[in-house]
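The next block holds one structure in the form of structure tokens; read it before the comments.
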Amino acid sequence: MRDLGVGFRYLLKGQRWVGRHGRQYGFGLLPGLITLVLYAAALVALALWGSDLIGWATPFADDWADPWTGLFRGFLTAVLFALALLLCVLTFTATTLLVGQPFYESLSERVDRDVSPDGTAPESDLPLWRELWISARDSLRILARATVWAVLLFALGFIPVAGQTVVPVIGFFVTGFFLTEELTAVALQRRGVEVRERLTLLRSRKTLVWGFGTPLALAFLVPFVAVFLMPGAVAGATLMARDLMGEETQDGAAKDQQDANAL
């Protein structure tokens, strides 16, 4: 259980790191804001025309007696919107990382250099287009896994009592795991760690992953909070990636103080 607290501390350390590096934090906000606008537009469109979509998809209910047609289609519209919200939470990080690949890659490298004892950071020799392709491909693989879990948990939510108590808790832990995978991918991909290896690495220390990702999943339920926490989440995930890879880490603030003293 010790790893649970360690994971949460990495989340806090990441937020503190961006707090000390305001310029990096400012650049890191842009991808999240872009993604938030896109997702908000999609949800607004679904809220406006979701009932029309359900009506088009259920022509067999046209001849049902009142009020059953309205109740049935209203229920399906609510289910569709709830599922869309769940998918938004699960995919927000992946989409934001894809949109902001150059921003977050730079931020992650800066964190690595800041906390590395020798001031260096692992670098990818791949061109940008290749990195974007790998990131998009891996994100789709993770999204497919996350979607299966989302549908399963949504179905289990209809079980009396357990569906309203146990299942939501499991859902947050699952969401936290996938959030952590997406965030650590920025640093681990630069180190040449493939998606299957990343998943194996994360599963080997699940409590560490849950300590980092589950509080973040809860915070990401509020869209604006997700935007403002995203740069720090990338920074914290980079610190966690160093831990998972067994790399030595020196506290960035202490290192800055040492450099200042040397001058």
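Values below: every heavy atom of this structure, side chains too, minus hydrogens, waters and symmetry copies.
For the residue pair Gly32 and Phe92, the shortest heavy atom distance occurs at O-CZ, 3.9 Å. Scanning all heavy atoms of the two residues, the minimum distance from Ser108 to Val186 falls at CB-CG1, 3.7 Å. In plain terms, the two heavy atoms of Ala217 and Thr175 that are nearest each other are CB-CG2, 3.8 Å. Residues Leu239 and Gly14 come closest through the heavy atom pair CD1-N, 4.3 Å. When every heavy atom of Thr77 is checked against every heavy atom of Ser51, the shortest pair comes out as OG1-CA, 3.7 Å.
Although no hydrogens or angles enter the test, the distance criterion places no donor-acceptor pair under 3.5 Å between the side chain of Thr238 and the main chain of Val111. For the pair Gln15 (side chain) and Leu229 (backbone), a donor-acceptor distance under 3.5 Å is present.
The CZ atom of Phe212 sits 13.5 Å away from the CG atom of Asp3 when rounded to the nearest 0.5 Å. Distance check, rounded to the nearest 0.5 Å: CG of Leu4 to CH2 of Trp210 gives 9.0 Å. The OG atom of Ser204 sits 6.5 Å away from the CG atom of Leu244 when rounded to the nearest 0.5 Å. Annotation: the span from Asp114 atom CG to His21 atom NE2 amounts to 4.5 Å, rounded to 0.5 Å. Between the CG atom of Leu38 and the CG atom of Leu33 there is a distance of 11.0 Å, given to the nearest 0.5 Å. Considering CG of Leu188 and CZ of Arg242, their distance stands at 11.5 Å, rounded to 0.5 Å.
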- [ ] Step by step, work out the side-chain hydrogen bond (donor to acceptor under 3.5 Å, both in side chains) result for Arg113 and Thr120.
- [x] CA-CA 5 Å; Arg113 291 194 182 94; Thr120 62; over 6 Å; no

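Put simply, Val227 and Val37 are part of two different groups of oily side chains (I, L, V, M, F, W, Y) that touch within less than 4.5 Å, one to the next. Cluster membership for Ile54 and Trp68, using ILVMFWY side-chain heavy atoms within less than 4.5 angstrom, is shared. A continuous path of ILVMFWY side-chain contacts below 4.5 Å connects Val79 to Phe81, so both sit in one hydrophobic cluster.
At least one side-chain heavy atom of Thr96 sits less than 4.5 Å from a side-chain heavy atom of Tyr104. Residues Val209 and Glu181 fail the side-chain proximity criterion, which asks for heavy atoms closer than 4.5 Å. A 4.5 Å side-chain heavy-atom check between Trp49 and Trp56 finds every atom pair outside the cut-off. Residues Met230 and Leu183 form a side-chain contact, since some pair of their non-hydrogen atoms from C-beta on lies under 4.5 Å apart. Annotation: side chain of Met240 is not in contact with side chain of Leu11 (no heavy-atom distance under 4.5 Å). Taking the side chain as every heavy atom from C-beta outward, Leu153 and Ile170 approach each other to under 4.5 Å. Put simply, the side chain of Asp112 reaches to within 4.5 Å of the side chain of Arg190, judged on heavy atoms. Two residues are said to be in side-chain contact when any heavy atoms from C-beta on lie closer than 4.5 Å; Arg198 and Arg191 fail this criterion.
Counting non-hydrogen atoms of neighbouring residues, nucleotides and ligands closer than 6.0 angstrom, the OH atom of Tyr39 exceeds 12 such neighbours.
Aromatic pair Phe72/Trp64: centroids less than 6.0 angstrom apart.
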